[in-house]
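Report on the following structure.
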Amino acid sequence: MGVDTTIVKCLECNSRNLFYDENRGERHCQDCGLLLEERIVDQSPEWREFNEGGESTNRSRVGAPSTNLLHDKGLSTQIDWQNRDYAGAAINSKNRSQMYRMRKWQMRSRVKGSQERNLSVALVQIGLVCSKMGLPKTINERAADIYRRALKAGLIRGRSIEGTVAASLFIANQQLSTARTVDDFAKFTKLTSKEISRTYRDLKRKLSIKTPVPTPMVYVARFVSDLGLNSETERRTREIIKKAEDYELTHGKSPSGIVAAALYIAGQETGQVRTQREIAEVTNVTEVTIRNRYKQLANNLGIKLEI
DNA sequence: AAGACGAAAGTGGTTGA
DNA sequence: TCAACAACTTTCGTCTT
């Protein structure tokens, strides 16, 4: 069988308009946003071997790795209803009663009850949003885990599945610093950013989840890549933000605004000029904010710009 | 014509009595 | 609960290159 590793058409909308992001090592469809390829594919088993002939022999590989992404954690070997063994031969009567008991227990333990159904719907949605937004599997796993906890704590009642899905994803995003904003999640779900942040706060409080204090720094790589700037400009941008944080010029200001301004200044300095319009586009702040911010930063950090 | 500028009015969230 | 407030947005006329 020939192995074709190059995807030329989107699997969802058949568009040939694909985009390869070198920094993130991902290939997306530019039309529907589906994540088609990731550079890092870890196919190794999820446990390590500590002693010779120990782990690997005891925990022999059966089935796919256990994962939070499936409602029953992937432990779902099906027992067929036909009284035949794998080769198609009839199973003798001695084993039949055993088979019957196994089926019975499987039926009892499988998708049943509203919680399980809720979870399987939610996990599909989490996967879908992750794929559309080009988020790595780690986010998917983390969000799934948070959703499970929310479900277990009975926090879904009175809330929409989609809202909790988005909030779980946003928490995962904050914890793992994948540089997506609430607005990004709003764009890829049917929810407003307001609803998402409200559920986000709620979930964090009720599940006592901690997320790192947000810093503008996490957005730098993403915006640099989106604007096609070089590493020199990126370095300088980080420098400016670091200084701004040291001088406490960032408190109470929107992170994207800070990054946008720093990018603008750095771009002017290194000759990688981007217009306020372009920067406003990718950072999702207005040109006015960029102006206000960059003037403030330039003044307080003693940066002279010859514009 | 494109980009930058800044005034003025409007919006949504936070804070403190 | 309400008003004051800071940050940010929208809009728009003007200036500069």
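Naming convention: chains lettered A, B, ... in sequence-line order (proteins, then strands); numbering from 1 in each chain. Atom set for the values below is all heavy atoms of this structure, side chains included, hydrogens, waters and symmetry mates excluded.
- In this structure A:F170 satisfies the ring pair (Phe, Tyr, Trp, His ring centres under 6.0 Å) test together with A:F185, A:Y200, sequence neighbours excluded.
- Checking the phosphate oxygens (OP1, OP2) of B:dG6, no side-chain nitrogen or oxygen of A:Y294 falls inside 4.0 Å.
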request  = Go through the steps to decide whether A:R222 and A:D184 satisfy the test salt bridge (charged side-chain N to carboxylate O under 4.0 Å, His left out), and finish with yes or no.
outcome  = CA-CA 13 Å; A:R222 176 184 166 194; A:D184 291 326; 2.7 Å; yes
Dot-bracket summary - DNA chain C, pairs being Watson-Crick or G-U whose distances fall under 3.5 Å, with | when paired to another strand = |||||.|||||||||||
Atom pairs under 3.5 Å: protein N/O with N/O of nucleotides 7-17 of chain B:
none

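- The salt bridge (charged side-chain N to carboxylate O under 4.0 Å, His left out) check on A:R205 picks up A:D202, with sequence neighbours excluded.
- Between A:Q276 and B:dA2, a side-chain N or O to OP1/OP2 separation shorter than 4.0 Å is absent.
- Partners of A:S160 under the side chain to side chain donor-acceptor pair (under 3.5 Å) rule, at least two apart in sequence or in another chain, do not exist in this structure.
- Summarising the geometry, the separation between OH on A:Y264 and C1' on B:dA4 is reported as 7 Å, rounded to the nearest angstrom.
- For the salt bridge (charged side-chain N to carboxylate O under 4.0 Å, His left out) test, residues two or more places apart in sequence or in another chain that qualify with A:E232 are A:R235.
- Rounded to an integer number of Å, the gap from CD of A:E287 to P of B:dG6 is 13 Å.
- Pairs of residues two or more places apart, or lying in two chains, never qualify as ring-ring contact (aromatic ring centres under 6.0 Å, His included) while including a residue from residues 265-289 of chain A.
- Under the rule for a side chain to side chain donor-acceptor pair (under 3.5 Å), the partners of A:E195 that lie at least two apart in sequence or sit in another chain are A:T192.
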Acceptor/donor pairs from residues 246-260 of chain A side chains to any protein atom, 3.5 angstrom cut, sequence neighbours excluded:
unit_1: A:D246; atom_1: OD1; unit_2: A:K242; atom_2: NZ; d: 3.2
unit_1: A:D246; atom_1: OD2; unit_2: A:K242; atom_2: NZ; d: 3.1
unit_1: A:S254; atom_1: OG; unit_2: A:G257; atom_2: N; d: 3.1

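- The closest side-chain heavy-atom distance from A:E245 to A:P216 is below 4.5 Å.
- For residues 166-177 of chain A, the set of pairs meeting the side chain to side chain donor-acceptor pair (under 3.5 Å) definition, not counting sequence neighbours, comprises A:R142-A:Q175, A:N173-A:T178.
- Atom pair A:I265:CD1 and B:dA4:C1' shows a separation of 15 Å (rounding to whole Å applied).
- Screening residues 278-288 of chain A for side chain to side chain donor-acceptor pair (under 3.5 Å) gives A:T275-A:E278, A:R277-A:E281, A:T286-A:T289 as the qualifying pairs, with residues at least two apart or on separate chains.
- Atom CD1 of A:I290 is separated from atom C1' of B:dG6 by 15 Å (rounded to the nearest Å).
- When rounded to the nearest whole Å, the span between CZ of A:R274 and C1' of B:dA2 equals 16 Å.
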Quick one: which protein N/O atoms are closer than 3.5 Å to N/O atoms of nucleotides 1-8 of chain C? Pair and distance per line, please.
unit_1: C:dA7; atom_1: OP1; unit_2: A:K253; atom_2: NZ; d: 3.3
unit_1: C:dC8; atom_1: OP1; unit_2: A:S254; atom_2: N; d: 2.2
unit_1: C:dC8; atom_1: OP1; unit_2: A:S254; atom_2: OG; d: 3.4
unit_1: C:dC8; atom_1: OP2; unit_2: A:R293; atom_2: NH1; d: 2.4

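- C:dT10 atom P lies 11 Å from atom CZ of A:R277, rounded to whole Å.
- Rounded to whole Å, atom P of B:dC5 lies 9 Å from atom CD of A:Q268.
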